[in-house]
Number of protein chains: 2
Amino acid sequence: MRPTVHDIAASAGVSLATVDRVLNHRPGVRGVTRAKVEAAIETLGYVRDVAAANLAKGRVYPLVFIVPAGDNPFMRGLEAEILVAGRRSPADRAQISILTVPAFDPLALVEAIDTAAADQPAGIAVVAVDAPEVAAAIDRARTTGVPVVTLVSDLAASGRDHFVGIDNVAAGRTAGSLMGRFLGSRPGPVAVLAGSMLVRDHRERLEGFTAAMAEHSEVRVILDVLEGQDDPMLAEELVAMCFNAHPDLAGIYSLGAGNRGLVTAISARAPKGLRVIAHDLTSHTRSALKAGLIDAVLHQDAGHEVRSAIRVLKAKADGVAVIEAQERIRIDIFLKDNLPPEQRGDLRDQVEQDD
Amino acid sequence: MRPTVHDIAASAGVSLATVDRVLNHRPGVRGVTRAKVEAAIETLGYVRDVAAANLAKGRVYPLVFIVPAGDNPFMRGLEAEILVAGRRSPADRAQISILTVPAFDPLALVEAIDTAAADQPAGIAVVAVDAPEVAAAIDRARTTGVPVVTLVSDLAASGRDHFVGIDNVAAGRTAGSLMGRFLGSRPGPVAVLAGSMLVRDHRERLEGFTAAMAEHSEVRVILDVLEGQDDPMLAEELVAMCFNAHPDLAGIYSLGAGNRGLVTAISARAPKGLRVIAHDLTSHTRSALKAGLIDAVLHQDAGHEVRSAIRVLKAKADGVAVIEAQERIRIDIFLKDNLPPEQRGDLRDQVEQDD
DNA sequence: CTGTTAGCGCTTTCAA
DNA sequence: TTGAAAGCGCTAACAG
């Protein structure tokens, strides 16, 4: 049997309360006493039973997630993952609530943040919009003592405690590296379809993509960015026009949302041998991948992100350090051949520890 | 506050013990009483606090992992992950012990399985060798009531309860698909370096690779398999000979271990523009990826596999169903641009829930 | 500064 | 067939 607080209390010749104080770095223990207890902990190899501690504490962590509304499939998937986490949240003593706000609307976001902070939750996770008012709102929340993490889209200008999301420059580089290998010495320019260059993630992905493409031996023209506003209709139109203007188009990198339009345009008439790389595995990109219309999809696992956000916020609430390297979100690459199984909603009801 | 056993006891007008009996489907409760309790559970929306239940039960799960000895980096990484899981095992009430056995030695493996089963642990996870004696040993253990899962390498011929590992045919297909895209219309044959065609995983990977390559429009010669016995020296030699015999070699797929030798041969003198895809991220493949000697690495996350094995074995021990789709292990693809950070050993000391 | 005591939500003897 | 009471490992009043 592993040692308990009773064992170290006995071994150190003190009471349970004193052991507890030492364990939790609470004040009111003489140096000598503390040393005795620590020695006992050390020699007995004591490790605290976190489950029992939590049970005794009865502490809960009210957490607020703020996500953009709208039909962006990635965001809807993110929300679904938050709900999943919410359903098994009793297990990790988190109480999760979700606030949806109009997309790309700084003022609405500011209001949501202020509202959330007013309830003094244990933490706030927010999909940030890159605006000074938003940064200010985040700073206000933190001043009130509420930890804030940015989710998916960062806002470094704010004093947010942590960013939960992928390294978008690296994602862009990965796409560029893949595209370079896919194209080899095949001639022709490459197009980039983005949502908006006003969004930080998209700018960063483009930057990484361009850099990685430049590293390849073949010289290749990268056309002016097509800004599809994450809107399927507009994206389709822009891509179709691009096909017209560049019949020799060799590749296209879609670094934002609106991939439904992209796929429509491609299946209508794409230049022969066109290589396509897109972001985020959704029902649309998944089926396009299977059909061979898209070659590869870069992905960030929303479930991982949500669980990471919860861990980080709880850690911040407790004033405990976060192991940054451990909370780094992976950039997944999917081909049609390594697609994960489609998760039915009710399967996710089960406890899912990781993976 | 969510309802507790006390609440349902009060609401149903019975004692805690009776509630517990109903909750755990234990006998000795009248039908009417049971119905009353179940009604209360339903209307109050009760969900059991698993942590508290485990605390009260004090149940532990002794689990034995059997892995091959030797300097195969993947296996050593696997063992490291088992140790990591072992260190935080108190949290999930698992008591993990590791048995190492000579690699590719069916008899030694049989003995290890029998020894492990003799202690009547809650479960056994074994990296299987494809031999009838091993299948028989696994069946013996299961007859004794000890659940067994195969890990990384399957043995479907046995009655193992579950296989924890990647779909190796799909992995081969992924490699073939990538290779096909990398090579495009560039001429030249492709070589395959394997450990041994006697191992099931390797056979399956080859099968998938060949199939995927055949699907690509370009006709391409796939050379006879080089069997490197997962031995760096032999692998180096075989690859070097292959370079000699085929100066126009376009690509090489290394589907087993021994990649240190592969990398040495490549860095010595590889045909210009050679595309290389290997398996398993190790220090060797990682640095070769960074150096541009390898284009892509397919990977199975040993940490995920270990945690999945633990979950599955505990579920089997409790006679609870496993959600197969949820326990499916992903095939990861790494380029130099999306490499995960190198985990320092001591970082893994922290609790890592998933991801 | 230190100890006593009750209790978190659940399980488990032992009696009734 | 049912219930009372003790206890899992830890924390948190409240006393001393």
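Here is the naming used below: chain letters follow the sequence lines, and residue numbers restart at 1 for every chain.
Listed for the B:Asp119 side chain is no donor-acceptor partner under 3.5 Å among the backbone atoms of B:Pro121.
Residue B:Gln120 qualifies as enclosed at atom CD: its count of foreign heavy atoms under 6.0 Å is above 12. Remark: A:Gln95 CD is packed, more than 12 non-hydrogen atoms of other residues, nucleotides or ligands lying under 6.0 Å away.
Side-chain N/O atoms of A:Arg21 include none lying less than 4.0 angstrom from OP1 or OP2 on D:dA12. Checking the phosphate oxygens (OP1, OP2) of D:dG3, a side-chain nitrogen or oxygen of B:Ser15 falls inside 4.0 Å. For A:Asn54, no side-chain nitrogen or oxygen approaches OP1 or OP2 of D:dC10 to under 4.0 Å. Contact annotation: A:Thr18 does not reach the phosphate of C:dC1 (side-chain N/O to OP1 or OP2, under 4.0 Å). Residue A:Arg30 places at least one side-chain N or O under 4.0 Å from the OP1 or OP2 atom of C:dT2. At D:dA12, one or more side-chain N or O atoms of A:Arg26 fall inside 4.0 Å of OP1 or OP2 (strictly under the cut-off).
Put simply, NE2 on A:His6 is 11 Å from C1' on C:dT5, counting in whole angstrom units. Taking atom CG of B:Leu16 as the reference point, atom P of C:dG7 lies 14 Å away to the nearest angstrom. As rounded to whole Å, 11 Å separates atom P of C:dC8 from atom CG of B:Asp7. Rounded to whole angstrom, the span from the NE2 atom of B:His25 across to the C1' atom of C:dC10 amounts to 16 Å. In this structure, the NZ atom of A:Lys36 is 13 Å from the C1' atom of C:dG3, given to the nearest Å. Atom CG of B:Asn24 and atom P of C:dC10 are 11 Å apart (whole Å). Counting to the nearest Å, the P atom of C:dT2 and the CG atom of A:Leu23 are 16 Å from each other. Rounding to whole angstrom units, NZ of residue B:Lys57 and P of C:dT11 are separated by 5 Å.
Side-chain N/O atoms of B:Arg2 and base N/O atoms of C:dG9 include no donor-acceptor pair closer than 3.5 Å.
With D:dG9, C:dT2, C:dT12 as the choices, the nucleotide that has an atom nearest any side-chain atom of A:Asp49 turns out to be D:dG9. Distances were taken from every side-chain heavy atom of A:Ala56 (C-beta onward) to each of C:dC10, D:dT11, C:dT11; the shortest belongs to D:dT11. Minimum atom distance to the side chain of B:Thr33 is reached by D:dT1, of the listed D:dC10, D:dT1, C:dT11.
Looking at heavy-atom distances under 4.0 Å, A:Ala53 makes contact with sugar-phosphate atoms alone, never a base. Contact annotation for B:Asp20: base contact, defined as any heavy-atom pair under 4.0 Å involving a base atom. A:Gly28 comes within 4.0 angstrom of a base, heavy atoms only.
Shown here for A:Thr150 and A:Ala128, the closest heavy-atom pair between the two residues is CG2-CB, 4.0 Å.
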(message) Would A:Arg2 and A:Asp49 count as a side-chain contact (heavy atoms from CB on, under 4.5 Å) here? Give the steps.
(response) CA-CA 10 Å; A:Arg2 50 192 264 243; A:Asp49 182 330; 4.1 Å; yes
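If B:Leu55 and B:Val14 are placed on DNA chain D by their nearest nucleotide, the residue sitting closer to the 5' end is B:Val14.
Classification of A:Arg59 and A:Asp318 as a salt-bridged pair holds, one side-chain N sitting under 4.0 Å from a carboxylate O.
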